[in-house]
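This report refers to the structure that appears directly beneath it.
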Amino acid sequence: MNYWLVKSEPDVYSYERLESEGTTRWDGVRNYMARNNLRAMKTGDLCLYYHSNIGLAVVGIARVSREHYPDPTAESGDWSAVDLVPLKKFSRHVTLAEIKAHPAMQQLLLVRNPRISVMPVTPDEFSTLLAMGETTL
DNA sequence: GCCAACGTTGGC
DNA sequence: GCCAACGTTGGC
C-alpha cells in the first residue's frame with residue numbers, strides 16, 4: 001500500500017463532486033514527475049485530496065480504483081490517467097498553514113515543491129495528516 | 001547540451 | 001491581481 005496526495009482546484013473538480021459522482025478519471029496531468037507518480041499508483045492505494053487555490057486544505061481521502069492507462073484527453077505525448085473513488089471525507093479540514101507549521105510535515109512535497117500536482121506521501125505523514133484531520137479509516 | 005525566455009501554477 | 005518558483009521550449 002502506497003500513499004499519495006493529489007491536488008485539485010475545487011471550482012474545477014472538488015472532493016464533494018467526487019463523492020456525488022462516485023468515481024472520476026484523474027486526467028490532464030502534464031508534468032513528468034506527476035505522471036510518473038500516477039504510473040506508480042496501485043489499485044487500492046490511498047490519496048489525500050487537497051484543494052488548491054480555494055480552500056488550501058486536505059479535505060478527504062480517495063482510493064485508486066484503476067491503475068494507469070493512456071490519458072484520453074492527451075492529443076499528443078505520452079500521458080497517463082488513473083481512476084479514483086471517494087473513500088472518506090475529513091471530519092476537519094487540514095489547512096496548508098497548519099501543515100507548514102507542523103514539525104513532522106517539513107519534508108512533505110506539498111511544502112517543498114508546491115507545484116507538483118501528484119506526489120508521494122510517507123506512511124508517517126499520511127497517519128499524521130489523518131490525525132490532524134481528526135479522521136480514522 | 002546549455003541556457004535564456006516564456007508560460008503556468010498556486011500562494012498570498 | 002500580483003508575483004515567485006518552477007518546468008518546458010527552442011535557439012544556438
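The model shown is predicted, which means the values in this text are computed figures rather than measured ones. Each chain gets a letter, A, B and so on, in the order the sequences are listed, and its residues count up from 1.
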Original post:
What is the distance from CG of A:Asn53 to P of B:dG10, rounded to the nearest Å?
Top reply: 7 Å
Original post:
Nearest-Å distance, CZ (A:Arg112) to C1' (B:dG10)?
Top reply: 19 Å
Subject >> Interatomic distance where CG belongs to A:Asp11 and P belongs to B:dG10 [whole Å] >> reply: 12 Å
Original post:
For the residue pair A:Tyr50 and A:Trp4, is the inter-centroid distance of their aromatic rings smaller than 6.0 Å?
Top reply: no
Original post:
Which heavy atom in A:Arg30 sits nearest to a heavy atom in A:Thr73, and how many Å separate them?
Top reply: NH2-OG1, 3.1 Å
Subject >> Proximal nucleotide (of C:dT8, B:dG11, C:dC6) relative to the A:Ser52 side chain >> reply: B:dG11
Subject >> Options B:dC12, C:dA5, C:dG7, nucleotide nearest the side-chain atoms of A:Arg115 >> reply: C:dA5
**OP:** Take the protein atom CD1 of A:Ile99 and the nucleotide atom P of B:dG11, then report the distance between them rounded to whole Å.
**Re:** 10 Å
Original post:
Are A:Tyr50 and B:dG11 close enough that a side-chain N or O sits under 4.0 Å from OP1 or OP2?
Top reply: yes
Subject >> Euclidean distance, atom CG of residue A:Asn113 to atom P of C:dA5 [Å, nearest integer] >> reply: 12 Å
**OP:** Looking only at side-chain atoms of A:Ser117, point me to the closest of B:dG10, C:dT8, B:dG11.
**Re:** B:dG10
**OP:** Assign A:Leu96 to base, sugar-phosphate, or nothing according to its heavy-atom contacts below 4.0 angstrom with the strands shown.
**Re:** sugar-phosphate
Original post:
Over how many whole Å does the gap from A:Leu56 atom CG to B:dC12 atom P extend?
Top reply: 7 Å
Subject >> Per A:Glu9 side chain, nearest of listed nucleotides B:dC12, C:dT8, B:dG10 >> reply: B:dG10
Original post:
Per the side chain to side chain contact (heavy atoms under 4.5 Å, CB included) rule, which among A:Asn36, A:Leu38, A:Val82, A:Val6 passes with A:Val29?
Top reply: A:Leu38
Original post:
Can you check the A:Lys100 NZ to B:dG11 C1' distance for me, whole Å?
Top reply: 6 Å
Original post:
How about A:Tyr69 and A:Trp26: are their ring centroids closer than 6.0 Å?
Top reply: no
Original post:
If you measure only the distance, is there a donor-acceptor pair under 3.5 Å linking the side chains of A:Ser8 and A:Arg17?
Top reply: no
Original post:
Quick one: A:Ile116 CD1 to B:dT8 C1', roughly how many Å, whole number?
Top reply: 15 Å
